[in-house]
Amino acid sequence: MTDPGLEVRFTRVLAALAARPDCHVLVDCGDHPVTAADDPVEVGDAEVVRVVWPQCPTGAPDWMLVDLAVAAGGSVVVEAAGCEADSSGVADLARLTGGRVQPGSIDAAPVAVLSVAHPPMSRRGILGRAPAAVVEHADPDPRARLVESLRAMGGDVGGRSPALELDASACIACGVCVKACPHDALDLGTADGRTTLVQYPDRCRGEQACVTSCPSRVIEVRGQHDWATVLAGRPLPLARLATTSCQKCRGTIPQGRTMCQACSDRARDPFGTHLPDHLLDSLPAKYRDRLRG
């Protein structure tokens, strides 16, 4: 999670940038002077605003760097020549944003300097009111915020996202995967006797909790969604099947069955312990053999 105090100060910097004409942003660290680059980024005739980051800017959250591009209307160049930190994250962000955020330097003299540690205070701020948000962030999760920032930035976003492209065509609508996903990236809906399993790619983090928790082991990873699919924000159907209700627990089951797997196991052995085979296989042999009798 990002420091709440940093977020408040950063919001003021964004508001100051958004109030200016479109410009480019040079982000650097206050502890390291800006150095002349052998191959500076060309910015044309647009003005340049320098934003001083409290620490090395290569470690800044990626969504914050994209938000700077949204507020400024131009590109964001992250100066890392004086820092020893790894700048590969910024290079990855450059590929993702098509160069809107990139590592490097700018030769042009800045027309203004904004410090994230000591941001400008507007009249709203003096009255204790927060500035209007440049990008609305409803979710504290950094991955969700990056999705929101990229949507606000617009344009082409390249590469593959962390979101998994799944195949669950043999789904039995048990709902275990829906409960297992910590980011609510899956959902089951039933209407008129048919159940649909859908995925929300913009919520998926690629952790595969759905894959490992599926009792029937019918969820397979086919690859990764591209960012265009993720940013579209539309649910994708993974499986559709005719369903009915379990006679015991009233849970959803495929049509043609009378009980779900859990109720069927309990009816067969009321006092036994019932785990899916793939969970049994993960246990030490002495426990696995004991449970299997």
**Report entry** Joint hydrophobic cluster, M64 plus M153, side-chain heavy atoms closer than 4.5 Å
**Finding:** yes
Query raised in the report: So, does R145 use its side chain to make a donor-acceptor pair with the main chain of W63 at under 3.5 Å?
Result: no
**Report entry** Separation between CD1 of I253 and CG of L241, rounded to the nearest 0.5 Å
**Finding:** 10.5 Å
Requested in this report: Could you go through the side-chain contact (heavy atoms from CB on, under 4.5 Å) check for W53 and C29 one step at a time?
Outcome: CA-CA 5 Å; W53 206 260; C29 173; 5.6 Å; no
Report task. Using modelled atom types only, decide if a donor and an acceptor are shared between the side chain of R100 and the backbone of V76 within a distance under 3.5 Å. Result -> no
Report summary line: One should read off an interatomic distance between L96 CG and Q102 CD, to the nearest 0.5 angstrom, of 13.5 Å
Query raised in the report: With a 4.5 Å limit on heavy-atom distance, are the side chains of P142 and P61 in contact?
Result: no
Report task. Report yes or no: do V113 and V25 belong to one cluster of Ile/Leu/Val/Met/Phe/Trp/Tyr joined by side chain heavy-atom distances under 4.5 Å? Result -> no
Query raised in the report: So does R203 pair up with D184, basic N to acidic O under 4.0 Å?
Result: no
**Report entry** Min side-chain heavy-atom separation E7-H137 under 4.5 Å
**Finding:** no
**Report entry** I172 side chain reached by V218 side chain, heavy atoms, under 4.5 Å
**Finding:** no
Report task. With the side chain counted from C-beta on, respond yes when L238 and L186 share a heavy-atom pair under 4.5 Å apart, and no when they do not. Result -> yes
Query raised in the report: According to a 4.5 Å side-chain heavy-atom criterion applied to Ile, Leu, Val, Met, Phe, Trp and Tyr, with indirect links allowed, do L197 and L236 form part of one hydrophobic cluster?
Result: no
Report task. Determine, stepwise, if the pair V77 / H24 fulfils side-chain contact (heavy atoms from CB on, under 4.5 Å). Result -> CA-CA 8 Å; V77 179; H24 299 293; over 6 Å; no
Query raised in the report: Judged by atom type as modelled, is there a donor-acceptor pair below 3.5 Å linking the side chain of R9 to the main-chain atoms of P119?
Result: no
Query raised in the report: Between NZ of K179 and CG of L188, what distance do you get to the nearest 0.5 Å?
Result: 10.0 Å
Report task. Nearest 0.5 Å please: distance from the CZ atom of R143 over to the CD atom of E148. Result -> 10.5 Å
Query raised in the report: Is there a donor-acceptor contact under 3.5 Å from the side chain of Q255 to the main chain of T244?
Result: no
Query raised in the report: Would a 4.5 Å heavy-atom cut-off, applied to side chains only, mark P235 and D187 as touching?
Result: no
Query raised in the report: Should Y200 and V221 be counted in the same cluster of Ile, Leu, Val, Met, Phe, Trp and Tyr side chains packed under 4.5 Å apart?
Result: no
Query raised in the report: Would a 4.5 Å heavy-atom cut-off, applied to side chains only, mark F10 and D67 as touching?
Result: yes
Requested in this report: Taking the side chain as every heavy atom from C-beta outward, state whether S216 and C174 have any atom pair closer than 4.5 Å.
Outcome: no
Report task. Please test V230 against L150 for side-chain contact (heavy atoms from CB on, under 4.5 Å), starting from the C-alpha separation and ending with a verdict. Result -> CA-CA 10 Å; V230 171; L150 291 171; over 6 Å; no
Query - Taking every non-hydrogen atom, the tightest pair across L26 and S105 - result: CD1-CA, 4.3 Å
Requested in this report: Could you tell me the separation between the CD1 atom of I219 and the OG atom of S213, rounded to the nearest 0.5 Å?
Outcome: 6.5 Å
Query raised in the report: To the nearest 0.5 Å, how far apart are OG in S115 and CZ in R12?
Result: 12.0 Å
Query raised in the report: Can you name the nearest heavy-atom pair linking D226 to R160, along with the distance?
Result: N-NH1, 3.4 Å
Query raised in the report: Looking at D202 and R151, what are the two nearest heavy atoms and their distance?
Result: OD2-NH2, 2.9 Å
Report task. With side-chain contact (heavy atoms from CB on, under 4.5 Å) as the test, would you mind laying out the steps for V49 and L17 before giving the verdict? Result -> CA-CA 8 Å; V49 174; L17 280 173; 3.9 Å; yes
Requested in this report: Find out whether K248 and R266 are in side-chain contact, i.e. whether some heavy atom of one side chain is under 4.5 Å from a heavy atom of the other.
Outcome: no
Report task. Say whether Q199 and H225, considering side chains only, have a donor N or O and an acceptor N or O under 3.5 Å apart. Result -> yes
Report summary line: In terms of heavy-atom contacts, A209 and P182 come closest through CB-CD, 4.2 Å
Query raised in the report: Of the non-hydrogen atoms in P54 and A117, which two are nearest, and what is the gap between them?
Result: CG-N, 4.4 Å
Query raised in the report: So, for V135 and S149, which heavy atoms are closest and what is the spacing to 0.1 Å?
Result: CG1-CA, 4.2 Å
Query raised in the report: When clusters are formed by joining ILVMFWY residues with side-chain heavy atoms under 4.5 Å apart, either directly or through shared neighbours, do L6 and V52 land in the same one?
Result: no
